[in-house]
Number of protein chains: 2
Amino acid sequence: MPSVPAAASGLRASVLTDDLSFLLARANALSLVAGNAALSAHGLKVRSYSVLALVASGSRPSQRELAEFLRLDPSQVVSLVDDLQSRGLVERRADPRDRRANVVVATAAGRALAERARESAREAEARAHAQLTAAERESLAALLRRMAFPDD
Amino acid sequence: MPSVPAAASGLRASVLTDDLSFLLARANALSLVAGNAALSAHGLKVRSYSVLALVASGSRPSQRELAEFLRLDPSQVVSLVDDLQSRGLVERRADPRDRRANVVVATAAGRALAERARESAREAEARAHAQLTAAERESLAALLRRMAFPDD
DNA sequence: TATTGTTATACTCTATAACTATA
DNA sequence: TATAGTTATAGAGTATAACAATA
């Protein structure tokens with residue numbers, strides 16, 4: 001999104017401003033660029049950070065579980081894990097209960113990087129969402145959680 | 001997102017579940033597929049619908065204003081308007097005050113389609129967000145609006 | 001017969017740079 | 001000198017199908 005400087009448009013009070021899907025898309029776009037910018041210092045993007053953070057928390061998920069949780073295709077998880085593994089941040093372990101499945105675990109370096117990256121992500125989020133109070137952010141998170149996980 | 005059936009993962013209570021950016025991304029992903037599915041009956045996607053809806057509301061935006069509001073690159077707006085124009089839904093008019101600029105206006109057919117598509121989008125949204133009450137949806141919209149338009 | 005991980009491929013989306021005509 | 005629209009292109013991201021190993 002390069003060459004788009006400021007220009008007050010008469011669109012702010014338009015039909016879409018009431019559209020939850022549109023607001024979601026626009027807020028997500030802003031949050032995505034802020035997140036990627038903050039994580040680039042660690043060689044990560046929101047995508048790869050999400051995988052690393054989940055794995056580093058010790059959940060020992062299979063690639064299949066990562067795909068479902070992050071709403072990615074299993075084939076996309078392959079390349080994300082490939083990348084993290086080539087950098088020594090995660091490892092694939094055979095699941096003793098199902099020899100088809102790979103369980104993904106973080107290395108010590110992976111856990112350390114996840115910790116540092118998480119700091120950066122939190123700071124960036126706080127800056128990006130500075131117009132909301134902590135209480136507002138919590139209630140926003142609660143509402144979004146119910147939209148993001150409708151089965152719960 | 002094809003081959004990902006159900007599988008209860010132990011990831012629901014993970015680090016990311018508190019992450020506003022992650023929740024935003026996941027909720028947006030769900031809302032996007034629901035929106036695209038609902039609009040496909042009218043030959044539209046959320047992208048092209050957004051342009052059509054803004055133009056049909058009578059705002060007479062320039063392509064430049066559309067790009068800024070929808071957070072698209074101006075070059076992407078070119079192809080969106082090309083497509084809508086080739087289907088007789090919108091027209092480009094020279095801006096008398098700036099001969100560089102195109103003002104985009106909807107045809108009668110465009111306004112009619114926008115109206116019908118809006119119905120479908122509303123129904124789909126109501127279905128997709130059924131786990132929230134109307135009051136909750138309104139407060140979610142208000143919070144998202146402040147995140148989506150931080151300059152206001 | 002179905003599922004996990006994988007590979008391959010095509011398609012959409014996004015980002016970037018350069019050109020033109022105007023300002 | 002800068003801006004609106006356009007074109008072209010390359011890179012991400014996404015969707016789909018097929019295969020081997022295993023269940």
Side-chain angles (χ1 to χ4, degrees), chain A residues 1-9 25-26 28-30 32-33 35-37 39-40 44-51 60-85 90-104, chain B residues 1-9 25-26 28-30 32-33 35-37 39-40 44-48 50-51 60-86 90-104:
Chain A
M1 207 126 316
S3 48
V4 185
S9 62
R26 203 179 200 273
N28 181 53
L30 292 172
L32 199 64
V33 306
N36 279 333
L39 291 166
S40 70
L44 296 171
K45 300 189 167 188
V46 293
R47 232 359 117 58
S48 44
Y49 167 70
S50 301
V51 171
R60 304 180 71 85
S62 69
Q63 296 188 187
R64 173 75 185 59
E65 289 171 319
L66 288 171
E68 190 197 359
F69 191 70
L70 297 171
R71 288 199 60 79
L72 300 174
D73 191 88
S75 65
Q76 301 176 248
V77 176
V78 172
S79 20
L80 286 166
V81 172
D82 280 351
D83 175 53
L84 294 172
Q85 188 169 32
V90 307
E91 286 171 0
R92 283 180 238 239
R93 301 264 176 82
D95 184 340
R97 299 149 57 115
D98 183 341
R99 292 195 344 237
R100 293 171 305 181
N102 290 331
V103 157
V104 186
Chain B
M1 206 126 316
S3 47
V4 185
S9 62
R26 201 179 202 272
N28 181 53
L30 293 172
L32 197 63
V33 306
N36 278 334
L39 291 166
S40 71
L44 296 170
K45 300 188 166 188
V46 293
R47 232 0 116 58
S48 44
S50 303
V51 172
R60 303 181 71 85
S62 69
Q63 295 188 189
R64 173 75 184 56
E65 289 171 317
L66 288 170
E68 191 198 357
F69 191 71
L70 296 172
R71 288 197 61 79
L72 301 174
D73 192 88
S75 64
Q76 301 176 250
V77 176
V78 172
S79 20
L80 286 167
V81 173
D82 280 351
D83 175 52
L84 294 172
Q85 188 169 32
S86 75
V90 307
E91 286 172 0
R92 282 179 240 240
R93 300 264 175 82
D95 185 340
R97 299 149 59 117
D98 184 341
R99 295 202 332 245
R100 293 172 302 182
N102 290 331
V103 158
V104 187

Exercise for the section: Look up atom CG in B:Asp83 and atom CZ in B:Arg47, then write down how far apart they are to the nearest 0.5 Å. Expected result: 13.0 Å
Practice task
Between A:Gln63 and B:Pro96, just flag the one whose closest nucleotide in DNA chain C comes earlier from the 5' side.
Solution key: A:Gln63
Practice task
Whole angstrom is fine here: how far is it from CZ in B:Arg71 over to C1' in C:dA15?
Solution key: 13 Å
Exercise for the section: Assess whether one donor atom and one acceptor atom, taken from the side chain of B:Arg100 and the base of D:dT3, lie less than 3.5 Å apart. Expected result: yes
Problem - Spacing between A:Asn102 atom CG and D:dA21 atom P, to the nearest angstrom - result: 15 Å
Problem - Flag side-chain contact, heavy atom, 4.5 Å: B:Val51 against B:Leu66 - result: yes
Problem - Nearest-Å distance for atom pair CZ/P, residues A:Arg99 and C:dG5 - result: 15 Å
Handout entry: Residue-phosphate contact under 4.0 Å: B:Gln76 side-chain N/O, C:dT14 OP1/OP2
Key = yes
Problem - Distance below 4.0 Å between B:Arg97 side-chain N/O and C:dT22 OP1 or OP2 - result: no
Problem - Phosphate OP1/OP2 of D:dA12 contacted by A:Asn36 side-chain N/O (<4.0 Å) - result: no
Problem - Between C:dT22 (C1') and B:Asp95 (CG): distance, integer Å - result: 12 Å
Handout entry: Donor/acceptor link under 3.5 angstrom from B:Ser75 side chain onto base of C:dT16
Key = yes
Exercise for the section: Return the value, rounded to whole Å, for the distance between atom CG of A:Asn28 and atom P of C:dC13. Expected result: 15 Å
Problem - Whole-Å gap separating P (C:dA2) and CG (A:Asp98) - result: 17 Å
Practice task
Respond yes when some side-chain nitrogen or oxygen of B:Arg92 is under 4.0 Å from OP1 or OP2 of D:dT6, and no when none is.
Solution key: yes
Handout entry: A:Val90 and A:Gln85, any side-chain heavy atoms less than 4.5 Å apart
Key = yes
Exercise for the section: Using a 4.5 Å cut-off on heavy atoms from C-beta on, say whether the side chain of B:Val81 contacts that of B:Asn102. Expected result: no
Fill in the blank from the handout: By nearest-nucleotide position on DNA chain D, the 5'-leaning member of B:Val78 and A:Lys45 is B:Val78
Completion exercise
Note: A:Leu70 and A:Ser50 closest approach over all heavy atoms is CD2-CB, 3.7 Å
Exercise for the section: Could you tell me the separation between the CD atom of A:Gln85 and the P atom of C:dT6, rounded to a whole number of Å? Expected result: 9 Å
Fill in the blank from the handout: Whole-Å distance, B:Leu80 CG to D:dG5 C1', equals 14 Å
